[in-house]
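The next block holds one structure in the form of structure tokens; read it before the comments.
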Amino acid sequence: MPPFPVALLLALSLPAWADGAAATTTPDKQGWSGSGQLGLAATTGNTRSQNLNAGLDLKFTGGNWIYHFDGSALRSRGVVSVSLPGPNGTPVNVNQYRVTANRYTLGGSAALVLNPENRLVSTMRYDHDNFSAYRYQAAIAVSWGHVLIKNASTDLDFELGPGLKRYRIEGANANHTAAIARGAINYSQQLTANTRIENHLLIEAASFDTFAEDTTSLVVQMNKRLALKVGYQIRHNTKLNNVLLLNPYGGVAKTDTLLTTNLVYNF
């Protein structure tokens, strides 16, 4: 997966680097903070469909510890053409109203702040998807986190470390465990007083497969609590297994994309 969104966003922060922002850090806000987001679209009549995506992001900072919890869900239903056995075994194409996407992800981390620039981070992530190459992927890792920029307009940090992944290939019954190398880049740039752009890149590299997820978002703050958010997400697996071809619900594409428009509530 080409890291074009990351490269583009990092380019936006060059003025901050030129002004010496790389050496500047601001302290983390103590206590709870977070946001919830929701997007919904539905049609009836000549066409029939339902699309729902939701997300929750929570953060707690206390002393030298930073705890982060997040979750997201995607579910869609629509009319699809399905081939069914007809008279004398002849296939017949019929339209059926079916689930076309069903995915949810849960994640969490605990970071021990060693100094303003460095931290030790433990992370976990669980991803369940009925229509992807894998029924589920669960990963834990311990990483070194380093803050490159943290000031009033720009946040940029990365995490790197080893971990383990538990997974099941779609269409199979066996679970597998493998060692991984985990890397993450988190970037946020304030463009105007009420507009910012964010990018989060996650890579979990293993011998059996490398999973990468890149999410780019444009957030427009309408007031203190409400914001509009447009997001574009790319998910990529480098390898697939032939057993997927035996399961009609298993994904056979290496790359999935998701475009969302959500209402966000900050608290």
Side-chain angles (χ1 to χ4, degrees), residues 1 3-35 55-72 105 107-125 139-163 180-205 211-219 221 227 229 231 233 264 266-267:
M1 180 188 67
F4 295 133
V6 176
L8 176 62
L9 295 178
L10 291 180
L12 295 176
S13 67
L14 289 179
W17 283 90
D19 292 338
T24 302
T25 59
T26 56
D28 292 295
K29 181 181 178 181
Q30 299 292 301
W32 286 99
S33 62
S35 64
L56 180 65
D57 192 285
L58 295 174
K59 180 180 178 181
F60 178 79
T61 303
N64 292 330
W65 287 92
I66 301 175
Y67 301 94
H68 183 243
F69 310 93
D70 64 87
S72 64
T105 302
S109 66
L112 174 61
V113 180
L114 305 176
N115 56 51
E117 288 80 30
N118 298 286
R119 56 195 64 178
L120 185 63
V121 187
S122 61
T123 61
M124 63 79 62
R125 185 183 72 88
I140 58 173
V142 177
S143 306
W144 167 58
H146 184 69
V147 178
L148 295 172
I149 309 174
K150 187 173 181 63
N151 57 37
S153 60
T154 307
D155 283 307
L156 176 63
D157 64 74
F158 70 84
E159 299 171 7
L160 183 64
I180 63 171
R182 176 186 178 275
I185 299 176
N186 304 298
Y187 174 76
S188 176
Q189 178 68 48
Q190 197 74 29
L191 301 178
T192 66
N194 68 332
T195 305
R196 71 179 184 276
I197 193 166
E198 302 173 345
N199 184 269
H200 303 284
L201 173 65
L202 170 67
I203 298 176
E204 295 171 349
F211 170 79
E213 179 182 272
D214 185 89
T215 305
T216 302
S217 304
L218 179 66
V219 183
Q221 201 73 36
K229 183 177 183 179
Q233 184 181 83
V264 181
N266 300 295
F267 51 88

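- Nearest approach of Q190 to T195, heavy atoms of both residues: NE2-O, 3.4 Å.
- Taken from CG in L114 to CG in N64, the straight-line distance is 8.5 Å, to the nearest 0.5 Å.
- We find the CD-OG1 distance between E213 and T105 to be 6.5 Å, quoted to the nearest 0.5 Å.
- Donor-acceptor pairing under 3.5 Å is lacking for the side chains of N186 and D155.
- Side chains of Q221 and N266 form a contact here, defined as non-hydrogen atoms less than 4.5 Å apart.
- Heavy-atom minimum distance, I140 versus I180: O-CD1, 4.5 Å.
- When all heavy atoms of S188 and E198 are compared, the closest pair comes out as OG-CG, 4.0 Å.
- To the nearest 0.5 Å, the span separating OG on S217 from CZ on R196 amounts to 9.0 Å.
- Residues Q30 and G62 approach most closely at OE1-CA, 3.5 Å, considering heavy atoms.
- The side-chain heavy atoms of R182 and P162, taken from C-beta on, include no pair separated by under 4.5 Å.
- Side-chain contact, Q233 with T215: a donor N or O sits under 3.5 Å from an acceptor N or O.
- Atoms CG and CD1, on L201 and I203 in that order, are 4.5 Å from each other to the nearest 0.5 Å.
- To the nearest 0.5 angstrom, M124 atom CE is 10.0 Å from F69 atom CZ.
- With sequence neighbours excluded, the residues that form a ring pair (Phe, Tyr, Trp, His ring centres under 6.0 Å) with F158 are W144, H146.
- In plain terms, the two heavy atoms of A111 and V121 that are nearest each other are CB-CG2, 3.9 Å.
- Separating the NZ atom in K150 from the CD atom in E117 is a distance of 11.5 Å, to the nearest 0.5 Å.
- Nearest heavy atoms, L58 versus H68: O-CD2, 3.2 Å.
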